[in-house]
Amino acid sequence: MTRGVGRRFAFALVAAGMLALAGCWQDDAPPTKGGPVVMRRLSEEQYRQSIADIFGSDIKVAGRFEPDVRKNGLLAVGASAVTVTPSGFEQSDGRAIAIAAQVVDKDHRDTRAPCRPASVTAADDACAAQFLRHYGRLLFRHPMGEARLRQRVGDANRATAVTGDFYSGLAYALAPMLYSPEFLFRMETSEPDPEHPGVARLDGFSKASRLSFLLWNTTPDDALLTAAEQGDLDTRKGISRQVDRMLASPRLESGVRAFLTDFLGFDEFDTLAKDPVLYPAFNQRVAGDAREQVLRTAIDQLVTRDGDYRDLFATRRTFLTRSLGPVYNVPVRAETGWEPHAFPADDPRAGLLTEVGFTALHAHPGRSSPTLRGKAIRELILCEPVPAPPANVNFALVQDTTNPRFRTARDRLTAHRAEPTCAGCHKIMDPVGLALENFDALGAYRVTENGAPIDASGDLDGMKFTDPAGLGKAMHDNPATVSCLVGSLYRYATGRAIDKAEQPWQRWLEQRFAADGYRVPTLLRRIATSDAFFAVAPETQPLPAKEAMK
Amino acid sequence: MVERLMSRAGVGVVVGALGMLALSSGPSAAPEVAGTDRGFVVTSFYYANTDGGPEACPDGLTVSSRDMYLASLPPAERAEMSKVDKELNLYAASIRSKDGKNLCRNPDLAPDAHMRTVQGGTAFGINLDGTDDGHATANSCAHEKFSSPSGVKAVDNQFYRVMGCVPGYRPKGIDEQYKSAAYRSGEYTVLINVMGLKPGASDGEVTVGIYSSANPVPFAGNGTPIANASLTVHPNPHFRAVAHGRIAGGVLTTDPVDLSLYHTVGRPSEIALKGARLRLELLPDGRAKGFLAGYQDVEFLFHHQFDLGAPEATEQVKFIVAGAAAAESGYDCVSVMSALKRLADGYPDKASGRCTAISSAFRIEAVPAFVIPPSDEGARPVKPAAADSGWVGRWLRKLGL
C-alpha cells in the first residue's frame, strides 16, 4: 500500500508535536525497572525480511521454518521461550548454505561483495575480511569481534585452498554465520544505566534491535547500527532521532502489520478450511485475501490515516479484490489487485469484526460458531482469557444444525447453556459471538438460518446492541479494547509478559494513548522512546497467568 | 435514460464515458454498472444441439474427410496411411485438394460429398424469421421449421440441421466437449446485464447488454459456478451489444440485435450473430437458462469455426489442425460449406436472392454476477497482432488486434 502526501503530512505533525515530548522525555511517566533481557528466535517473516534487507530481495529463502509458539497471547512472547530443535537446525543449516551460495554466485557476487579478490582462484585475506566484516555486522546486529573475524577468514582461506575458488571459500565462511544463534536469535545484553544507579539497561545494539524489530519487523539498518556504534542510542535525543526516522519511513507499515498479524492470531489462517460443497466460493486465494483485507483495513486506519484505533471496530472503509467480491456480494471494479470500498451507512457490515478475515477464521468448516467468535473477541481483542471447556462436555446439541427444534445457533446454544458446567464460559462468549450470526461460516451475510430469522442482539459487558454494527460500537467504547491493545503492544515490543511492577507504567501508557487520540504510531513512539522499553531488571515479579495477557 | 445515468453518477456510481453509447442499440454500445440491474455471467455456452431421436439421422451419421480419403486409397496405401505414426500426415492429406490447397480454407475446390443432415423435426432454438411455417420473406428463405422437445413451435435452427448428424457436434460429442472445456477454462466469457427494470417490478421493459469478457468464468474447485462475482466487459467495443427487451412471467426476451462474441478455437475467433435474440428463463434461485439465437453469416462462420490453425502457425500445421478437427468430429469441410450454403435461411443476397446466413442457437446457463464496465482506456489489444494473410489475419487486423 502506498502512502500519500497526507500520511507524510500527518507524520510531520506527529513529529512536530513530539518535539516537546522529546524534550521532557515523558518525565511524568511512572518509573519502572523493566524486565529481564530476552533471547528471541526470529520469526519466519523476520528471517526472510532480514535476508532480503541484508543480501537483496532476489535471494531465495527456501525450506520450512519451525512452528512458532503462542504465549501470553502473542507469538512474540512465545519467541522468547523457544529453541531450535535438531530438525529445525537441519533446516536452518540447509537454508544457510543455499543462501550463502546464492550471495557469491556469478549472478550476485559483483553487486553483493564489497570488494574484488586479486584472483578468483586464490585466497585474498583483505577482501575476505572486508566481506565477512560487512555481513557479520548486519547479520549479528553488532560488529564482529576481531578474533572471530580472523577465524572466519581462516575458514574461507582453507576452503579456497581446497576448491581453488575464492567465492566458494566465502560461501563456506558465510554459511555458519547464517545458522549461528547470533543470527537466528535476537540476543540482548544489558549494561549499567549511568543515569539510574542500580538499574540496568540494554546496550546500544540491543536497543537498535528492539527498535528495528518493533517498528520495521526486520534487522537494524546501517544507520541504526551506526547510531549504536557511536553511542547515540545511549541518549534520549539520539533515540528520538532514530525513532522519528523510523516512524516516518514507509517500512513502519511492515512493523505494524507484523504486530497486527500476531495480535489477531492470523497464524490460524495457515489451517483455515471450509466445506467446498457448502461454500464453493471459498478457496486459498479467498483465505489469503481475507487475511490481507483485515490488515489493509487496519493499516489504512492506523498508519495511513493515523486514525483512532477504536474506529477499527466501526469503520465502513475497507479494501476488496475480485476474489472477495462474491463473499461480500458487492461489485469489484479492479480486475486485479485491491480497490478501496466503503460499505453504506445502512449496511450490516461495520468494522473489523464483520470482515471475512474475522468471521471466516473464527468459524467451523461447515457452520458458523458464536462460541469461537466470542472467544476470539474476548481473548484476542479484549485480552480476557476464556477457560477451556471441560473434558466431558457434550457438544452433540450444538453441532446438530438439522434439529428442527433448534434451527438457529442461538437456539442451540441456549439449550447447551442449560448444562451448568457450560453456562459460565458461554455467558462470556456467546452474547458477543451471537452478534455476528448474520455472517455464515464463510462470512457471507444472511438473515436466516434454516429458515428461521437470526437474532443478532446481545450485550458486551453491559452495553446492549441489536446488530453487528452495534457490537462494533460496543467494542469501540469498551475500555478493555484500549487496554488490551496497549498491553499487547508492550508485550510484543519487549517479548515478555508485563511485570507486576510495570503495571502503573502501563496504566500511564493507556492514559497517554487516550490523550493522543488513540493513535498507534504515537503509541509506538511513546513505547520506543521510553526508559521502560530499554530498562532491565534481573529480579522480576511475574503476574498470575490470568493477568499476564493484559 | 440520460437522467438515470447522470443521477447514478451523482450518487457516486462510476459510469464510463462509453456508457452513454448504451442509449443506442447495436454493437459498440457499452454497459453501465449494476444498481437495480441484474447481471449474469454465462457459465455454459454451446450450440443448442439435441439427439433428435431416431428420425433425426435415419441414414446414419456423417463421414469424415479422413474416412472418405482412406476409402479412396488402394488397399496397400490405405493400410500404410492408417498406421498410428502416419496420423498427422493423414489429417493433412484428407483435406488437401488435388492442387495442394487446404480444403478447409478453400472448400469450393472439391466436389460436394452431400453430407447427411438432420431429417427430423425436433430442435432447440428461437423463432427468428417470425413465420409459423418457414415460408420465404423479405429477410429469409424458405426452410423447414422445428419444434422443440418441450413443444415450442416454429423454431429456426438450420445450423443444427447441417451439423446435427455430425458425431462431434451431437450431445457430448468431441466438439461440445472441447468448446465447453475451453469456455469453462476461461478462454472466452459471455456476460448479460439486464438494465432498467423498475424497482420492485418483476415484469417490464428492459435494456439488455450482451457482452464478451476477458475475465474467466468463476468456478469453484468442485465445478460449481460461483455467483456474484465481478466480471469486466470486454475492452473491445466490437464485442458488446445492447438490445431492447422485456421480462414477462419470469422470462426475458429481447428484440433482434447484431452482436459479436469473442471466441476461441485454438486461436482467437468470433461468433457473429445477426438479428440475435435472447430468451432466458429467470429462475427463482437467481440463475438463468435459455437460448441465444441468431443468424451466422455462412462465409464468416465457416472461416471462423472450420478453417482452423493459429495465424502464426505454418501451413502444414494448419492442414493438420483443420484436418484433425474434421476427422475427430466426423465431417468434411467441403460438404459442410456446401450444406451451410444450401440450408442458409436468412439475409438473402439482393442480387441472387440466395440466403447468406444460417439460423443458429446457443444453449446458455448463467448465474448472477456483477457486470463491470470496461475502463475508459477504450479498445486495447488482447492478443498479439497476427501476421496471417488469410481470413483470420484480415479479421484480427480489422479489429485492431
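Throughout, a chain's letter reflects where its sequence line sits, starting with A, and its residues are numbered from 1.
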>> Can you tell me which portion of N329(A) sits under 4.5 Å from chain B's heavy atoms? Options are side chain, backbone, both or neither.
In response: both

>> Measuring centre to centre across the rings, with the benzene-like ring taken for any Trp, is H476(A) within less than 6.0 Å of F313(A)?
In response: no

> What part of V327(A) lies closer than 4.5 angstrom to a heavy atom of chain B: side chain, backbone, both or neither?
Replying inline: neither

>> Which atoms of A227(B) are under 4.5 Å from chain A, going by heavy atoms: the side chain, the backbone, both sets, or neither?
In response: backbone

>> Does this structure show an ion pair linking D300(A) with R305(A), if we count only N-O contacts that are shorter than 4.0 Å?
In response: yes

> Are the aromatic rings of F362(B) and Y47(B) close, with centres under 6.0 Å apart?
Replying inline: yes

>> Could you check whether R310(A) makes a cation-pi contact with Y518(A), meaning its NZ or CZ is under 6.0 Å from the centre of the six-membered ring and within 45° of the ring axis?
In response: yes

